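Values below: all heavy atoms of this structure, side chains included; hydrogens, waters and symmetry mates excluded. Predicted model, so just to flag it, every value in this text is computed and none were measured. Convention: sequence-line order gives letters A, B, ...; per-chain numbering from 1.
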4 protein chains.
Amino acid sequence: MFVLVNLKTYPCDPVAVAEAVRDVNDRTDARLAVAPQAAHIERVAETGAETWAQHVDPIDYGSNTGHTLAESVAEAGAEGTLLNHSERRLKLADVDGAVRAARRADLETIVCANNPAQIGAAAALGPDAVAVEPPELIGTGTPVSQADPDIVEDAVAAAERVDDDVSVLCGAGISTGEDVVSAGDLGAEGVLLASGVAKADDPQAALEDLVDPL
Amino acid sequence: MFVLVNLKTYPCDPVAVAEAVRDVNDRTDARLAVAPQAAHIERVAETGAETWAQHVDPIDYGSNTGHTLAESVAEAGAEGTLLNHSERRLKLADVDGAVRAARRADLETIVCANNPAQIGAAAALGPDAVAVEPPELIGTGTPVSQADPDIVEDAVAAAERVDDDVSVLCGAGISTGEDVVSAGDLGAEGVLLASGVAKADDPQAALEDLVDPL
Amino acid sequence: MFVLVNLKTYPCDPVAVAEAVRDVNDRTDARLAVAPQAAHIERVAETGAETWAQHVDPIDYGSNTGHTLAESVAEAGAEGTLLNHSERRLKLADVDGAVRAARRADLETIVCANNPAQIGAAAALGPDAVAVEPPELIGTGTPVSQADPDIVEDAVAAAERVDDDVSVLCGAGISTGEDVVSAGDLGAEGVLLASGVAKADDPQAALEDLVDPL
Amino acid sequence: MFVLVNLKTYPCDPVAVAEAVRDVNDRTDARLAVAPQAAHIERVAETGAETWAQHVDPIDYGSNTGHTLAESVAEAGAEGTLLNHSERRLKLADVDGAVRAARRADLETIVCANNPAQIGAAAALGPDAVAVEPPELIGTGTPVSQADPDIVEDAVAAAERVDDDVSVLCGAGISTGEDVVSAGDLGAEGVLLASGVAKADDPQAALEDLVDPL
């Protein structure tokens, strides 16, 4: 299982969470990574934790003031990037452009989407993975695998129909180790987490609880 | 073949073009339609020509000042709508929402996209048709079937792989009857046209030339 | 006082509301107008009611599929347009472009904004009027003049400081004739209304109640 | 004079340019600063050069995946931020929100705009400075002070009319020391530079030439 901790713009210490991600990663079979803000990528990557960007723009080197260049986040230490997160929706043509930009910079890609139809669309753009985030579950604490197990299975089926090399992650409603196991049982190869770890008093303990049942 | 004449915001007389579309449609096997601006849909539909919207928003009845509601364009006389045209790109989630809104209002849908990867993505959202518009050909007068025939065949293959009920149209670089025939030979079931007809001194003659070789 | 009824994308009969607007306008000193969806402008204008667009784009004649051209809504019968409504926010450069486009087409303009600082900014772009819509009051039924009278007075002062030819309207929290009077007492020269009239069983009675105390 | 070197997403070494900015700043009366990409702010600030962000979003701490938080760029070492650059246009309400976010994080602000009307609008939002960038001059090498001197004087007048505490910078068409002097003569208190320094073989020499006549 792949567990990606999205730090959003939370008021957490990105280095402390990254160290927890690194240490728990070393002790389990799960693969753990952390996605800090762009301005924090370099110091987070220096911890040795697998580091991801939260977004890159569909651009190349050039005149793009205020944009995020895939090559720059890669060179700062990122190994992958989220794209089209529900808090950073992109135009269809720009999801395509951003997947290409990330690939050019050797960044792994996870494209987020709301529902099975959009998961199929995202898979058609050739990312490494897609993540299904039903908007009605984001931030609720209700596990997707319990509230709406069909959506994960339907997302897995939709991605497979389009391109069976694309992994599916479960991107909302994961807060316990049981949720992670259920997501896996429904066909997900990973999960996106956010506040449950980033805002925990003890991020390391929170991560250990999550990966313990794997 | 389906021939859709997009009037954009050209300074043409939408009713005159619509009458030409209606008359040529009655005399040929091709299916012809016209897509005027929203404010012109009603008067264009009253000509009897098959009328399309250029865009609808991913919304329902409610508080959406300045947006285009699928039900309103349908009730004004539209039978279908373009979506995600290169001049009106939408977020991936909004292409999905707009396809659903159009379907709810019984509007036929054509989702435009730049390249075969995006065509696959668009097809995954379940529209009636997709249209491939290579950005480098838009407005050049160079027929796509001549400049880049692979892109049409690749688009047809990409759509088929995802959902073989989705038709593929050729959305750029069509100006002569030969171009229409070539597009059909490459697997397209229709074409999008714009200035060649909308800005012609005699739109009816222009349309007749286009459908004559079919 | 100017009273503009915004029909948004409500499921109302735009012609029935327009007839009420026309009839009450004829019987009072207030100036009444109605802003239907683009696809309804023509039939609404034919009632004889003063008709406004809800939005126009910062464009000229040309290749702008799916956009709203100022000249087209003017020719369909609109005499003015809302711009930058809270449900249709525009980039700063595009508010400027849309004000210029509207002026080119002889449309009167009202630029909406959230707070006194933005009202000053909007006034600097030279529209005919600005409308202050505190986001926390939109759709609440709480009159702005009661919940937050300072915001109207501050908006009037902000607009005056920048350009004292620009009128200020009150764009949220108006539902009774008393609210209209209070808005006027605070310096507003008009009000924007929406559901209170558009969704009323008897729009004419609703309008009469609103303008009665003027 | 304030000279801000915008590194955009150019393929330059941000640390090398920053060191040149720092060294030339120490030797002249001009104030020099550099605006790298977000992912480079920390290493650039460590050089001791005055460091600016290219953009911050109108957000606070919270759920804002893929956005740029003012506090995070400030903590990485930025002392100011560009906003609404022609390559990163914002909605009017978001320019307001981003100016407030920057102020909250103690970042100085420069809001860019196209023309005198927009400069007045930008000034009404209370930034520290505004920068006028006529779109037709961006990247041309033609100095604004020569091609269109009125636009700088009109921008200075427009800002002054709205708020005379707001400085005006000249944001396009500056490549020589003479251009900087002319901009100052027209009332500008600073300039934005980009490729002329960022892409120079010897950024230090390029900067020295620029500030030499001051």
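In terms of modelled atom types and a separation under 3.5 Å, the side chain of D:Arg22 and the main chain of D:Thr47 share a donor-acceptor contact. Proximity of a side-chain donor or acceptor of C:Asn84 to a complementary backbone N or O of C:Leu90 within less than 3.5 Å is detected.
With a 4.5 Å cut-off on non-hydrogen atoms, C:Ala113 does not touch chain D at all. Contact annotation for D:Asn115: only side-chain heavy atoms (C-beta onward) come within less than 4.5 Å of a heavy atom of chain C.
Highest contact tally toward chain C, considering only D:Ala117, D:Pro116, D:Gly120, is held by D:Ala117 [criterion: heavy-atom pairs under 4.5 Å].
Between C:Glu108 and C:Arg31 a salt bridge is recorded (basic side-chain N to carboxylate O distance below 4.0 Å). Ion pair C:Glu71/C:Arg104 flagged as a salt bridge, since at least one NZ, NE, NH1 or NH2 atom sits closer than 4.0 Å to an Asp/Glu carboxylate oxygen.
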